[in-house]
Amino acid sequence: MRLSKHFIPTIKENPSEAQIVSHRLMLRSGMIRQSSAGIYIWLPTGLRVMNKIADIVREEQNRAGAIELLMPTIQPAELWQQSGRYDAYGKEMLRITDRHEREMLYGPTNEEMITDLFKNSIKSYKDLPLNLYHIQWKFRDEVRPRFGIMRGREFLMKDNYSFDLDFEGAKESYNKMYVAYLRTFARLGLIAIPVRADAGAIGGDLSHEFQILADTGESTLYYDKEIESFDLDDLTGDIDDETVSKLQSYYAMEEEKHDAENCPVAPENLKTAKGIEVGHIFYFGTKYSESMGAKVAGPDGNEVTVEMGSYGIGVSRLVGALIEANHDENGIIWPESVAPYKVGIINLRFKDENCTAACDALYEKMQNLGIEVLYDDRDAGAGAKFADMDLIGLPWQVVVGPKGLDKGVYELKNRRTGERVELSEEDLLEKLG
RNA sequence: CGGAAUGUAGCGCAGCAUGGUAGCGCGCUUCACUGGGGGUGAAGAGGUCGCAGGUUCAAAUCCUGUCAUUCCGACCA
């Protein structure tokens with residue numbers, strides 16, 4: 001894409017309302033604009049990143065055997081009255097009345113709807129286990145939205161729901177998601193610490209939060225440093241129960257629940273860091289299947305109330321979390337897996353025919369090779385182009401100017417390390433292709 | 001929901017105490033010169049001063065109300 005024809009409105013100065021680095025950089029690099037408190041417009045590059053994250057989440061869900069569908073954002077109040085959460089959920093739920101005076105709501109989560117769908121569709125244990133997911137906009141009317149998209153009111157979430165015949169099955173479904181989550185975050189280049197958690201408003205017995213480490217995190221974690229050395233390559237292919245129990249046996253607690261006196265981890269092996277919650281998984285048994293009557297015929301012909309779990313990943317929050325974990329004073333540093341483009345071409349001499357011709361040709365070759373490239377073809381100063389490209393944070397920059405062209409080389413800069421190498425066109429395309 | 005601020009050009013801000021009809025920097029437009037880290041000069045465009053009332057000859061400025069946004073705390077993907 002040519003930058004001159006793109007829509008990436010960058011800002012030179014820090015917007016006053018943005019307090020944390022990811023919010024500032026998302027506004028400055030032209031990824032988002034605020035519409036109202038906690039509600040954002042996703043601009044082209046922001047959307048590209050979010051879509052790439054969603055794709056990785058989707059691939060890992062599919063790999064784990066979950067099946068994608070899409071439920072509506074607007075739900076009828078009756079479902080929530082059945083589960084008893086309509087009154088319990090409080091003001092955080094955005095309530096709407098339609099033209100027929102029917103009570104509706106903008107869904108903050110989907111346990112009720114999926115359970116209703118399940119009970120109307122599945123009648124036999126033979127159809128279990130079943131794990132359904134969707135990636136969909138949620139709305140929670142937070143009292144105090146803040147930190148840009150990190151705590152917005154409207155957010156994109158992957159949520160899924162597992163249905164099993166018994167606890168053993170449910171536990172297996174839970175563990176599959178546990179592994180899928182670790183894999184998902186690893187692919188995003190994030191260290192995700194699974195932290196034992198309370199089930200909160202969702203309710204239930206077994207629950208883990210996935211926290212990624214970042215200085216600006218909202219919670220303080222204490223964890224066994226062994227977690228960091230765990231090799232995620234072990235988690236490809238079939239799920240090994242031993243691996244899961246080993247992972248789950250590691251100590252990891254939020255500050256409030258951490259007891260220094262009785263901590264099983266020796267002080268020298270205990271690490272503390274700030275974390276951002278990007279995922280949360282729950283096993284909650286029959287909490288919803290019971291109240292909403294989700295039963296199947298078991299092998300003996302008798303009805304069994306199904307065992308359920310639910311699992312969420314904050315897809316839009318991950319965009320901010322990734323920036324919190326990947327930035328420097330000049331801007332964002334995208335991991336390749338989610339970068340809006342892999343490489344940026346900087347044309348230093350717009351008015352130099354040779355230089356522009358070289359850039360145009362290189363741009364076309366990259367496009368033909370399927371390399372995602374953002375070409376800064378604007379008539380702007382070199383400094384402005386460098387600054388914008390660093391701000392936007394593409395992993396690679398190709399700097400094209402008379403110096404290199406005279407030598408017959410292109411300069412390739414690594415955004416993360418700042419390392420610059422001079423390469424022939426062939427080597428350059430080879431390296432990026 | 002308790003506490004505290006702030007709303008003036010796209011962004012960042014000044015002006016308000018002591019009322020006299022709006023200004024600075026960046027950005028934007030045009031032209032020229034520049035050209036390897038936000039360059040220089042010249043000429044421009046852009047504002048119902050959040051909104052509604054009130055006081056006054058006169059309100060960005062004083063008063064009342066209202067809306068919005070942000071920050072600190074308690075709560076949450």
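Below, chains carry the letters A, B, ... as their sequence lines are ordered, and counting in each starts from 1. Every value quoted in this text rests on a predicted model; they were computed, and no experiment measured them. Computation of the quantities below employed the complete heavy-atom set of this structure, encompassing side-chain atoms and omitting hydrogens, waters and symmetry-equivalent molecules.
- When heavy atoms are screened at a 4.0 angstrom cut-off, A:Q19 is found touching the sugar-phosphate backbone but no base atom.
- In this view, A:Y86 and A:E103 satisfy the side-chain hydrogen bond (donor to acceptor under 3.5 Å, both in side chains) rule, not counting sequence neighbours.
- Scanning for side chain to side chain contact (heavy atoms under 4.5 Å, CB included) contacts around A:D328 gives A:N330, A:I333, A:R415, with sequence neighbours left out.
- Contacts of A:G38 with the nucleic acid, taken as non-hydrogen atoms under 4.0 Å apart, are absent.
- With salt bridges taken as basic N to acidic carboxylate O contacts below 4.0 Å, one links A:E425 and A:K365.
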Polar-atom pairs under 3.5 Å, protein N or O versus N or O of nucleotides 1-8 of chain B: list them with distances, or write none.
residue : atom : partner : partner atom : Å
B:C1    : OP1  : A:K91   : NZ           : 2.4

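- Counting only residues at least two apart or in different chains, ring pair (Phe, Tyr, Trp, His ring centres under 6.0 Å) contacts with residues 49-80 of chain A comprise A:W80-A:Y89.
- Remark: A:K171 pairs with A:F167, A:N175, A:L206, A:Q248 by the side chain to side chain contact (heavy atoms under 4.5 Å, CB included) rule, at least two apart or across chains.
- Of the candidates B:A77, B:C13, B:U70, B:A77 carries the atom nearest the A:M157 side chain, counting heavy atoms from C-beta on.
- Each of B:G25, B:A74, B:A77 was ranked by its minimum atom distance to the side chain of A:R146; first place goes to B:A74.
- The salt bridge (charged side-chain N to carboxylate O under 4.0 Å, His left out) pairs that include a residue from residues 26-43 of chain A number zero, where partners must be two or more places apart or lie in different chains.
- Aromatic rings from A:Y283 and A:Y174 are positioned such that their centres are separated by 6.0 Å or more.
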Completion exercise
Going 5' to 3' through nucleotides 33-39 of chain B and flagging B where a protein heavy-atom sits under 4.0 Å of the base, S where only the sugar-phosphate is that close, and - otherwise, we get -BBBBB-
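- Between the CD atom of A:Q136 and the P atom of B:A77 there is a distance of 16 Å, given to the nearest Å.
- Rounded to an integer number of Å, the gap from A:Y89 OH to B:C75 P is 16 Å.
- Within 4.0 Å (heavy atoms only), A:E142 reaches at least one base atom of the nucleic acid.
- A:K385 and A:D388 are not joined by a salt bridge, as no carboxylate oxygen comes within less than 4.0 angstrom of a charged side-chain nitrogen.
- Among the protein residues, A:M150 comes within range of the nucleic acid bases, having at least one heavy atom under 4.0 Å from a base atom.
- Under the side chain to side chain contact (heavy atoms under 4.5 Å, CB included) criterion, A:N110 pairs with A:M71, A:Q75, A:M113, A:H134, A:Q136, A:K138, A:D159, A:Y161, sequence neighbours left out.
- Protein atom CD of A:E17 is 17 Å distant from nucleotide atom P of B:A68, rounded to whole Å.
- Counting to the nearest Å, the C1' atom of B:A68 and the CZ atom of A:R153 are 11 Å from each other.
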Please tabulate the protein-to-nucleotide N/O contacts below 3.5 Å involving nucleotides 44-47 of chain B, giving atom names and distances.
none

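- Taking atom CD1 of residue A:I39 and atom C1' of nucleotide B:A77, one finds them 16 Å apart after rounding to whole Å.
- One atom, CG of A:L27, and another, P of B:G10, lie 16 Å apart when rounded to the nearest Å.
- Applying the 3.5 Å distance criterion, the base of B:G27 shares no donor-acceptor pair with the side chain of A:E13.
- Among residue pairs with one or both ends in residues 38-53 of chain A, those qualifying as salt bridge (charged side-chain N to carboxylate O under 4.0 Å, His left out) are A:R48-A:E372, A:K52-A:E372; sequence neighbours excluded.
- For residues 380-412 of chain A, no residue pair satisfies the ring pair (Phe, Tyr, Trp, His ring centres under 6.0 Å) rule, not counting sequence neighbours.
- Under the salt bridge (charged side-chain N to carboxylate O under 4.0 Å, His left out) criterion, no residue pair touches residues 310-323 of chain A, with sequence neighbours excluded.
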